[in-house]
Amino acid sequence: MNLAVKDIRHNIGRFFLTAIGIGMLLMIVMGMGGIYRGIIEDATLLIDSLDVDFWVAQRGTRGPFAEVSRLPNNLVDRVAAVPGVAQARKFVFHTIQREIHGKPLRIAVLGLDWPQDHGEWLPLISGRCLAQSHYEMIADRTLGLGLGERLQLGKDFFTVVGLTSGMIDSGGNGLAFFTVSDAQAIQFDITGESIRLERAARLGRASRIDLSRIQPSLAERAEGESSIIPALAPPSISAVVLRLESGADPHEVATTISGWADVTVYTGNEERALMLAGPVEKAKLQIGLFRMLLTIISAIIMALILYTLTLDKLHDIALLKLIGAPNRVILGMIMQQALLLGAFGYGIAFMLGQKIFPRFPRRVILMDDDLVRLAVIVVVISILSSFLGVWKAMKVKPNEALS
Amino acid sequence: MNKDAESKPAVEVRGLTRIYGSGNTEVIAMRDVNLTVNRGELVALLGPSGAGKSTLLTAMGLINPPTVGKILMGGRMVMDGHRPLVNLRTFRRKNIGFIFQKSNLIPFLKARENVQIALELNGWSSFAARKRAWNLLDYLGVADRAEHFPSALSGGQQQRVAVARAMANQPELILADEPTAALDSHRGRQVMDLFRKVAHEHGSGIVVVTHDHRALDIFDTIYEMQDGVVSQSEISAS
Ligand SMILES: Nc1ncnc2c1ncn2[C@@H]1O[C@H](COP(=O)(O)OP(=O)(O)OP(=O)(O)O)[C@@H](O)[C@H]1O
Ligand SMILES: [Mg+2]
């Protein structure tokens with residue numbers, strides 16, 4: 001006869017209420033773990049899915065994610081010319097916040113190096129890759145944009161031609177993919193008025209030097225659009241990413257490029273580490289600590305619950321001792337009950353979590369490793385906290401059954 | 001118990017003394033008590049409140065070690081002062097049955113399971129224990145309540161289930177502390193008759209603490225206890 005099961009049968013309501021309580025507590029612990037994983041995953045998602053060998057950033061900066069990095073457009077050609085480099089691409093990345101459907105929407109804008117890159121590597125769930133050099137975009141579904149939707153960003157209208165899933169930046173904002181030049185246009189979009197003011201200012205500066213009086217066409221140029229002024233650089237890019245030819249020596253390529261005085265080179269792993277040590281580090285620490293605290297607190301709460309459940313049974317335990325039940329039987333009853341409670345609580349936590357976590361604004365990732373670890377923790381907590389009850393039960397004298 | 005032990009008394013206590021507390025709060029609950037209960041003997045223990053009856057009973061039940069004295073069961077010494085000479089819990093399980101005034105039964109087990117557990121603890125298979133539990137409850141006339149929880153049983157029914165559990169392992173000794181206190185006289189009488197039946201049919205020695213003087217005719221021997229001292233009663237036993 002299994003005493004633990006019989007006792008639960010008799011107090012089924014209390015058992016389930018307690019299990020639900022423990023379950024909700026464990027769900028929070030589980031969720032906190034998921035949020036922690038989510039932060040790390042989101043932060044490195046882009047770096048991982050780009051899957052490149054090296055990142056070339058502005059000299060002295062920590063890459064395009066940790067801080068602003070600006071590089072000239074043509075750096076990509078210099079990098080491509082390095083022996084061993086199979087492919088070099090421009091990387092443009094910045095975050096914008098616009099009102100869309102009356103609500104503020106943060107969009108992480110990523111430039112695809114058209115024409116090499118149409119976005120084939122993206123996890124498309126519907127639609128297609130970019131098919132023309134302008135006015136098309138691929139949006140992550142978390143942005144809430146529909147396929148075929150037209151969106152004004154800067155002066156141009158962009159049509160959503162494809163939808164991805166799970167493409168998020170380290171802040172949890174959905175990514176949108178444009179061609180590099182469109183991405184730059186969005187980033188450096190300025191109004192007609194500021195262009196006019198800028199041109200007037202250029203004309204003013206030009207007219208203050210005698211060269212413009214000797215060469216009047218210079219003043220004319222200064223007043224014109226910036227692309228006709230050869231001395232002005234086109235908009236800059238954030239970084240250059242490159243992939244090596246198979247068989248190329250990564251060390252050699254890295255040494256060559258880092259020999260240039262205007263750039264710093266990071267490997268994919270270094271860029272990943274920079275991301276985790278930088279922008280998300282504090283959030284990660286904060287949540288990590290909170291998760292630990294929560295685990296400890298739920299361990300204590302579980303221990304107290306199991307302890308009071310045992311206290312309720314002390315009279316029955318004395319009676320069992322009186323009729324000669326060995327400690328093994330009593331210990332088994334307390335421990336099995338603790339484990340059953342833990343198991344049910346865990347099950348409830350998991351089921352609730354599956355329902356609730358997907359509704360969170362940021363990703364909550366329940367990794368198998370974490371789930372197994374939490375299950376082990378629950379088992380250990382159940383056993384340890386039943387020790388508290390067992391210790392009390394062992395002290396009960398059989399003649400206490402008489403009182 | 002071996003063959004030899006069967007002829008020996010169920011319990012024999014020698015020079016049993018129990019002192020509670022110490023110094024100012026010292027209470028001598030039992031003084032140099034000598035008593036023998038044979039197998040098949042039904043013994044009543046009378047006495048005013050505070051006389052030490054429960055103390056003696058629990059000492060014989062090996063759940064309240066005496067301060068001084070020896071306890072022998074089936075001729076074997078099991079307690080020397082407060083020093084146990086056997087594993088008390090195992091010994092109790094095999095050789096002693098208990099019945100008290102109230103809260104005798106494990107509340108989360110049904111009547112049948114309360115009896116069954118006592119058997120299973122002694123190594124009975126679940127199936128055999130279940131069958132025997134049924135038979136015992138039938139014997140005691142509560143088979144129809146077997147699948148109910150104790151809380152759904154009347155006081156008398158609970159006591160009968162407790163008797164069934166106490167006799168389940170055919171112990172040498174059954175100890176009952178005011179088992180009929182919660183019952184009306186008719187029901188009380190029924191339970192007492194049951195003890196007689198169990199003692200004589202199963203050969204257990206039974207000690208019953210009681211205040212109910214009307215039922216004394218069924219006992220083989222009657223002891224009276226006063227201020228911790230036991231004496232054979234003036235009231236003649238049948
Ligand atoms: N645990 C204890 N600690 C201290 N004194 C005790 C303890 N148990 C019993 N006593 C004392 O020992 C004496 C005998 O108590 P006991 O319970 O054996 O009496 P009793 O004959 O069973 O009385 P009743 O008929 O009221 O049940 C009483 O004076 C009681 O106060
Ligand atoms: Mg008493």
Side-chain angles (χ1 to χ4, degrees), chain A residues 1-19 306 308-341 344 386 389-390 392-403, chain B residues 54-55 57-59 61-65 86-110 112-127 129-130 133 148-152 162 165-166 168-169 171 175-178 209:
Chain A
M1 192 184 311
N2 187 310
L3 290 174
V5 172
K6 300 279 173 183
D7 184 33
I8 290 171
R9 173 195 64 182
H10 191 241
N11 292 304
I12 193 91
R14 186 178 67 176
F15 178 81
F16 275 111
L17 286 180
T18 314
L306 291 168
T308 46
L309 284 182
T310 310
L311 286 191
D312 278 356
K313 275 200 292 289
L314 282 187
H315 185 265
D316 308 344
I317 289 170
L319 205 55
L320 280 169
K321 284 189 175 182
L322 185 80
I323 63 171
N327 285 341
R328 171 175 46 82
V329 169
I330 293 160
L331 202 127
M333 174 172 82
I334 295 173
M335 242 176 221
Q336 284 167 20
Q337 230 167 59
L339 285 171
L340 278 173
L341 212 49
F344 270 88
S386 60
V390 165
K392 188 82 187 170
M394 290 300 114
K395 286 206 318 190
V396 171
K397 299 230 167 55
N399 54 359
E400 283 172 40
L402 308 183
S403 53
Chain B
S54 295
T55 304
L57 208 71
T58 49
L62 309 181
I63 54 176
N64 183 9
V86 292
N87 181 330
L88 294 184
R89 221 183 288 178
T90 315
F91 198 87
R92 274 203 303 277
R93 185 165 77 220
K94 294 196 170 122
N95 304 305
I96 306 174
F98 292 92
I99 304 146
F100 328 103
Q101 186 177 333
K102 58 178 169 61
S103 54
N104 263 311
L105 303 176
I106 297 167
F108 59 82
L109 295 181
K110 294 173 180 171
R112 190 246 315 147
E113 290 165 342
N114 260 286
V115 181
Q116 194 178 332
I117 185 78
L119 290 162
E120 282 187 22
L121 287 175
N122 261 333
W124 286 63
S125 74
S126 174
F127 179 77
R130 191 189 176 99
H148 289 80
F149 286 104
S151 56
R165 185 185 60 194
N169 289 305
L175 302 169
D177 199 348
E178 302 184 36
V209 172

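The chains referred to below are lettered A, B, ... by the order of the sequence lines, with proteins before strands, and numbering in each begins at 1. For clarity, every value in this text was computed on a predicted model and none was experimentally measured.
- Neither the backbone nor the side chain of B:Ser126 comes within contact range of chain A; no heavy atom of the residue lies under 4.5 Å from a heavy atom of that chain.
- Between chain B and the residues A:Ile323, A:Leu322, A:Asn327, the largest count of heavy-atom pairs under 4.5 Å involves A:Leu322.
- For the atom pair CZ of B:Phe100 and CG of A:Leu319, the computed distance is 6.5 Å after rounding to the nearest 0.5 Å.
- Using a 4.5 Å cut-off between heavy atoms, B:Arg165 touches chain A through its side chain atoms alone.
- In terms of heavy-atom pairs under 4.5 angstrom with chain B, the leader among A:Asp7, A:Val329, A:Leu320 is A:Asp7.
- A distance of 8.5 Å separates CG in B:Leu121 from CZ in A:Arg328, rounded to the nearest 0.5 Å.
- Looking at A:Lys6, the atoms closer than 4.5 Å to chain B (heavy atoms on both sides) sit in the backbone and in the side chain alike.
- Contact of the B:Arg93 side chain with the A:Pro326 side chain is registered, since non-hydrogen atoms from C-beta on lie closer than 4.5 Å.
- Contacts between B:Lys110 and chain A at a heavy-atom distance below 4.5 Å involve backbone atoms as well as side-chain atoms.
- Taking CE of A:Met1 as the start and CD of B:Gln116 as the end, the distance is 3.5 Å to the nearest 0.5 Å.
- Residue A:Lys313 holds its NZ atom at 12.0 Å from CD1 of B:Ile106, rounded to the nearest 0.5 Å.
- Contact of A:Leu3 with chain B is made through backbone and side chain together, with heavy-atom distances under 4.5 Å.
- Distance check, rounded to the nearest 0.5 Å: OG1 of B:Thr55 to CG of A:Asn399 gives 10.0 Å.
- Per-residue counts of heavy-atom pairs under 4.5 Å with chain A were compared for B:Ile117, B:Asn169, B:Asn122; the largest is that of B:Ile117.
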Full working for side-chain contact (heavy atoms from CB on, under 4.5 Å) between A:Asp316 and B:Leu109
CA-CA 10 Å; A:Asp316 308 344; B:Leu109 295 181; over 6 Å; no
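- Here the closest heavy-atom approach between residue B:Phe108 and residue A:Arg9 is recorded as O-NH2, 3.4 Å.
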